[in-house]
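So the structure is just underneath, and the comments pick up after that.
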Amino acid sequence: MRVLGVDPGLTRCGVGVVEGVAGRPLTMLGVGVVRTPSDAELGDRLVAVERGIEAWLDEYSPGCVAVERVFAQHNVRTVMGTAQASAVAMLCAARRGIPVALHTPSEVKAAVTGSGRAEKAQVGAMVTRLLRLDAPPRPADAADALALAICHIWRAPAQNRLQQAVAAHRTPSASRRQTTPGISRTPGASATPRNSGASGATGTSGIPQAPGATGTSGIAPAPGASAAPRTSGASRAPRTLKGRSA
């Protein structure tokens with residue numbers, strides 16, 4: 001993996017190229033600073049930053065560009081210049097179809113030194129050690145650019161695995177929502193008719209009755225058969241009382 005690290009700034013924009021993979025020794029291919037005069041117009045300074053980054057992209061053809069994520073500062077003028085230079089770096093990479101990764105200063109410091117609150121001198125010393133350099137890169141913006149590239153090389157595999165896990169988790173959920181079976185009917189089949197009390201009504205069991213036939217079971221009697229008559233109280237045999245004469 002070859003990564004171009006960009007520490008954005010209008011006056012000094014640090015750039016550095018590092019090649020390697022996580023878990024193995026890394027190699028520095030180039031480091032430098034794109035400078036712009038502080039008394040020039042803002043548009044001219046941004047054009048100078050663009051030309052400088054384009055030259056680095058032409059020379060090293062990185063597979064990814066790592067840019068420091070802009071964070072809030074008390075000095076609004078400084079943070080605005082940093083944000084503008086950062087946007088130029090992302091624009092140059094996107095124009096060529098190169099992926100862009102953003103890392104905060106705390107992430108870079110933690111990845112390189114083990115502490116998110118490390119000083120610039122500590123970052124420079126660790127960059128020198130990790131890349132096996134004779135001396136720390138100068139100015140500090142150049143060392144920060146190399147630290148950005150190192151951070152991305154080390155963090156990219158874990159980030160890719162995390163993104164793949166998130167995508168795999170979302171895909172089954174989406175497919176379940178799209179393929180949830182509803183209540184379907186066989187083509188050409190009609191639903192069971194509901195009892196409405198109209199002509200041709202059915203009994204409680206849902207079996208049609210013969211015309212004029214009644215019954216709680218809803219089953220029509222056989223043709224010619226008559227139901228057994230129910231005896232009423234008037235036709236019953238008289239009851240006799242024991243012990244009494246007629």
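These values consider heavy atoms only, across backbone and side chains, with no hydrogens, waters or symmetry-generated copies. Because the structure is predicted, anything quoted here is derived from the model rather than measured.
Contact between Trp154 and Val112 at its shortest, heavy atoms only, is CZ3-CA, 4.4 Å. The two residues Leu133 and Val127 have their closest heavy-atom pair at CD1-O, 4.5 Å. For the residue pair His152 and Cys64, the shortest heavy atom distance occurs at NE2-SG, 3.2 Å. Closest approach of Val76 and Val79 over heavy atoms only: O-CG1, 3.1 Å. Closest non-hydrogen pair, Val33 versus Ala142, comes out as CG2-CB, 4.1 Å. The two residues Gly16 and Ala145 come nearest to each other via the heavy atoms N-CB, 3.6 Å.
Put simply, the side chain of Val18 does not reach to within 4.5 Å of the side chain of Leu29, judged on heavy atoms. Residues Glu68 and Thr104 fail the side-chain proximity criterion, which asks for heavy atoms closer than 4.5 Å. You'll find the side chain of Pro62 stays beyond 4.5 Å of the side chain of Val3, heavy atoms only.
One hydrophobic cluster, built from ILVMFWY side chains closer than 4.5 Å, holds both Val49 and Leu42.
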message: Under the criterion side chain to side chain contact (heavy atoms under 4.5 Å, CB included), I'd like the reasoning laid out for Thr113 against Val123: C-alpha separation, chi angles, the key distance, then a yes or no.
response: CA-CA 6 Å; Thr113 68; Val123 175; 4.2 Å; yes
- request: Decide side chain to side chain contact (heavy atoms under 4.5 Å, CB included) for Val47 and Val88; before the verdict, give the C-alpha distance in whole Å, the side-chain angles of both, and the deciding distance to 0.1 Å.
  value: CA-CA 9 Å; Val47 170; Val88 170; over 6 Å; no
- request: Apply the test side chain to side chain contact (heavy atoms under 4.5 Å, CB included) to residues Glu50 and Arg95: give CA-CA distance (whole Å), side-chain angles for both, the deciding distance (0.1 Å), then the verdict.
  value: CA-CA 12 Å; Glu50 179 191 15; Arg95 184 184 295 156; 3.0 Å; yes
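Ser86 places no side-chain N or O within donor-acceptor distance of the main-chain N or O of Thr82, the cut-off being under 3.5 Å. A donor-acceptor contact shorter than 3.5 Å links the side chain of Gln122 to the backbone of Glu119. A donor-acceptor pair under 3.5 Å is absent between the side-chain atoms of Arg2 and the main chain of Ser61, judged by distance alone.
Here Arg69 does not pair with Glu107 in a salt bridge; the nearest charged N to carboxylate O distance is not below 4.0 Å. Ion pairing between Asp58 and Arg51 fails under the 4.0 Å rule for side-chain N and carboxylate O.
Put simply, CE on Met126 and CG on Leu131 are 10.0 Å apart, with the number rounded to the nearest 0.5 Å. The distance from atom CE of Met28 to atom CZ of Arg132, rounded to the nearest 0.5 Å, is 10.5 Å. Of the inter-residue distances, the one linking Leu148 atom CG with Leu102 atom CG reads 10.0 Å to the nearest 0.5 angstrom. Glu41 CD to Leu46 CG: the interatomic distance, rounded to the nearest 0.5 Å, is 11.0 Å. To the nearest 0.5 Å, the span separating CD1 on Ile150 from NE2 on His103 amounts to 12.0 Å. Taken from CD1 in Ile153 to CE in Met1, the straight-line distance is 6.5 Å, to the nearest 0.5 Å.
Shown here is Arg138, whose CZ atom has no more than 12 heavy atoms of other residues, nucleotides or ligands within 6.0 Å.
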Donor-acceptor list for residues 4-14 side chains, cut-off 3.5 Å, not counting sequence neighbours:
residue: Thr11; atom: OG1; partner: Arg45; partner atom: NH2; Å: 3.0
residue: Arg12; atom: NE; partner: Asp141; partner atom: OD2; Å: 2.9

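Annotation: salt bridge (charged side-chain N to carboxylate O under 4.0 Å, His left out) contacts involving residues 27-37, sequence neighbours excluded, are absent.
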